[in-house]
Amino acid sequence: MKSSNSNPDHDQNKEQKETHPPGAPALSSHFIKEIIQEDLRTNKWGGRVQTRFPPEPNGYLHIGHAKSICLNFGTAAEFGGKCNLRFDDTNPSKEEVEYVDSIKEDVRWLGFDWEDRLFFASDYFEQMYEYAVQLVKQGRAFVCDLSADEITQYRGTLTEPGKESPYRNRSVEENLDLFERMRKGEFPNGARVLRAKIDMASPNLNLRDPIMYRIVHAEHHRTGNQWCIYPTYDWAHGLEDSIEGITHSICTLEFEDHRPLYDWYLDQLGVYHPRQIEFARLNLNYTVMSKRKLLRLVQEKYVSGWDDPRMPTICGFRRRGYTPESIRVFADKIGVAKRDSVVDFALLEHCLREDLNKWAPRVMGVLRPLKVIIDNYPEDSVEELEAVNNPEDPAAGMRKVPFSRELYIEQDDFREEPPKGFFRLSPGKEVRLRYAYIIKCESVVKDEKTGEVKELHCTYDSETKSGSAGADRKVKATLHWVSASHAIEAEVRLYEHLFIIPDPDDVPEGTDFTANLNPKSLEVLKSCRVEPSLADAKPKDRYQFERLGYFCVDLDSTKEKLVFNRTVTLRDEWAKMEKKQKENK
RNA sequence: UGGGGCGUCGUCAAGCGGUAAGACACAAGACUUUGGAUCUUGCAUUCCCAGGUUCGAAUCCUGGCGCCCCAGCCA
């Protein structure tokens with residue numbers, strides 16, 4: 001990861017960098033770091049720290065993978081070590097290049113660099129085959145002719161031991177011959193497998209003569225038709241780690257039961273032997289994380305695709321406007337432990353706001369426009385008002401915003417009958433327009449039939465212009481606005497949690513997680529108005545729309561038609577109050 | 001009922017025998033031309049439960065209880 005102290009330039013009219021340099025290094029500690037520190041102290045690995053991120057290219061990466069990526073790349077970097085990007089491509093029937101490309105893009109976007117260490121399990125197929133031959137020669141592996149069903153039956157159950165395969169005691173010569181012929185393609189899919197000879201009575205099912213190779217006549221995205229036998233995960237993974245000289249092989253909890261097998265293979269072979277360490281995978285409330293469920297959301301069109309801004313995929317968060325920095329900080333804050341947990345989505349949003357607040361340029365945009373006419377403001381006059389680009393960063397400078405007689409404000413900022421605690425605009429009340437004047441609502445024009453508020457007639461106090469002597473008069477609220485004739489029309493896509501309840505899998509009998517999909521997770525507003533300084537906004541640019549939230553220019557956006565995604569709202573005390581008031585009724 | 005893990009604030013999470021960090025969330029207040037940001041304060045007499053060891057236990061021992069994972073030729 002590169003680090004830099006230079007301040008990115010966030011002037012609206014200049015290029016916005018998509019990513020921002022990482023801040024201070026993480027300081028949090030966890031049990032894996034302790035293991036590494038101890039190993040460094042005892043010089044167990046000759047002072048090396050070598051990790052790897054080993055995705056299977058059978059789907060898109062999600063925020064759970066981000067935790068693993070940050071753990072593997074981040075921890076290695078912290079101890080002066082290296083982390084490999086390795087594709088675990090041992091199952092040609094499920095894997096595709098589309099996925100390897102997206103995975104590389106996502107890891108890079110998160111800010112990590114595998115340098116020249118891009119590896120594929122398939123690069124080791126020949127070596128793995130030789131190791132398998134070695135095990136056969138040692139009498140620790142055999143070719144089994146049982147069918148898949150039979151193998152299942154022979155395996156026994158959680159409480160009963162399994163039975164040994166009738167093929168278990170074939171001679172080394174016969175096994176060698178059969179295994180070679182498996183490789184040559186003499187047998188159809190499923191006809192035979194190569195199995196390790198361990199212990200059919202082991203209480204750990206993984207040790208009941210596990211399968212090392214299966215016959216799969218399928219084209220592999222990298223090796224083509226070179227192979228028709230493919231190694232299983234358990235057989236392959238430790239070998240991959242061993243070949244690459246991994247020191248700490250970090251994986252998730254469900255592989256804890258596999259560690260004895262990982263160790264057994266490496267011990268039998270007498271080769272370099274990394275240490276496998278397991279940690280709890282990330283769960284987030286209000287979303288789902290399993291590849292299977294994510295795939296269903298895409299295939300059944302509940303979302304527009306893998307990069308739908310509501311998806312917990314890395315590309316989804318990217319499109320939504322999340323920053324790599326915020327995800328890295330999040331990964332650090334959630335910690336690493338062995339207990340199952342569900343992290344509050346609010347923490348991720350907190351990390352996002354914390355980052356964006358520092359540098360996102362402020363602009364004004366009105367989502368649901370309400371026309372305001374300043375009756376006592378000169379008809380043809382236009383003032384260019386000074387606006388601060390970012391109060392958190394004086395270096396971000398100022399910009400001009402045009403002000404005129406006809407404006408738009410937010411519909412939410414006006415109430416004909418203001419509820420308790422509402423101190424925005426209402427009939428007879430005063431409010432400040434940001435960077436402009438204090439205005440007073442004089443009258444309300446409504447649609448005769450529907451009663452809908454069409455426009456507001458106001459007057460302004462010319463003595464109260466921002467920055468002037470009379471500007472210090474206190475009013476309860478400051479509203480954002482745009483000049484009607486200068487504003488640019490834009491589409492804004494509003495997002496909420498994809499699911500309506502914290503645990504999407506909490507469903508009544510007979511339904512599934514899709515029953516908890518939030519019908520309001522996407523709302524498209526077509527006639528929003530944004531200030532003219534946004535005319536040159538390009539996809540991926542991020543802004544804070546004052547008082548509303550952070551927004552990101554979407555990939556669909558064009559010069560003619562701007563499209564924004566709401567990345568995250570600002571914290572909103574009033575919304576909270578209002579919600580509480582409603583709940584109390 | 002076999003094996004492997006795990007149980008500390010609403011949610012994450014430190015703690016490694018010396019008397020419960022921190023973060024998010026929440027609540028109250030200050031400040032504020034973003035009801036944003038910032039600041040201040042509050043928020044586990046108690047660590048799944050019950051015994052025991054000890055001057056002293058969240059940490060050690062014993063016994064319970066609860067949750068997660070494992071019976072793919074997936075990873």
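Within every chain, numbering begins at 1; the chains are lettered A, B, ... in the order of the sequence lines, protein sequences first and strands thereafter. Hydrogens, waters and symmetry mates are skipped; everything else that's a heavy atom, side chains included, is used.
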key: Anti or syn - B/G72, cut at 90° from 0   = syn
Generate the contact string for [range]. Rules: B means base contact, S means sugar-phosphate contact only, - means no protein heavy atom under 4.0 Å.
range: nucleotides 29-36 of chain B; result: ----BBBB
range: nucleotides 5-10 of chain B; result: SSSB--
range: nucleotides 70-75 of chain B; result: BBSBSB

key: C1'-based separation of B/C31 from B/C43 [nearest Å]   = 23 Å
inquiry  = Can you check the distance between B/G63 and B/C24, where both ends of the measurement are the C1' atom (answer in whole Å)?
reply    = 37 Å
ask   = Does A/Lys580 have a side-chain nitrogen or oxygen under 4.0 Å from the phosphate oxygens OP1 or OP2 of B/A27?
value = yes
message = When both hydrogen-bonding distances must be under 3.5 Å and the geometry is Watson-Crick or G-U wobble, what is B/C26 paired with, if anything?
response = B/G42
key: Complementary nucleotide of B/C67, counting Watson-Crick and G-U pairs under 3.5 Å   = B/G5
ask   = So, are A/Asp241 and A/Arg86 salt-bridged, with charged N and O less than 4.0 Å apart?
value = yes
ask   = Taking CG from A/Asn285 and P from B/U11, how many angstroms apart are they, rounded to a whole number?
value = 11 Å
Protein-nucleotide distance (A/Phe330, atom CZ; B/U11, atom P), rounded to Å = 16 Å
ask   = Taking atom types as modelled, is there a side-chain donor on A/His221 or A/Glu96 under 3.5 Å from an acceptor on the other?
value = no
ask   = Can you name the one residue among A/Glu531, A/Glu384, A/Glu383, A/Glu386 that meets side chain to side chain donor-acceptor pair (under 3.5 Å) with A/Lys400?
value = A/Glu386
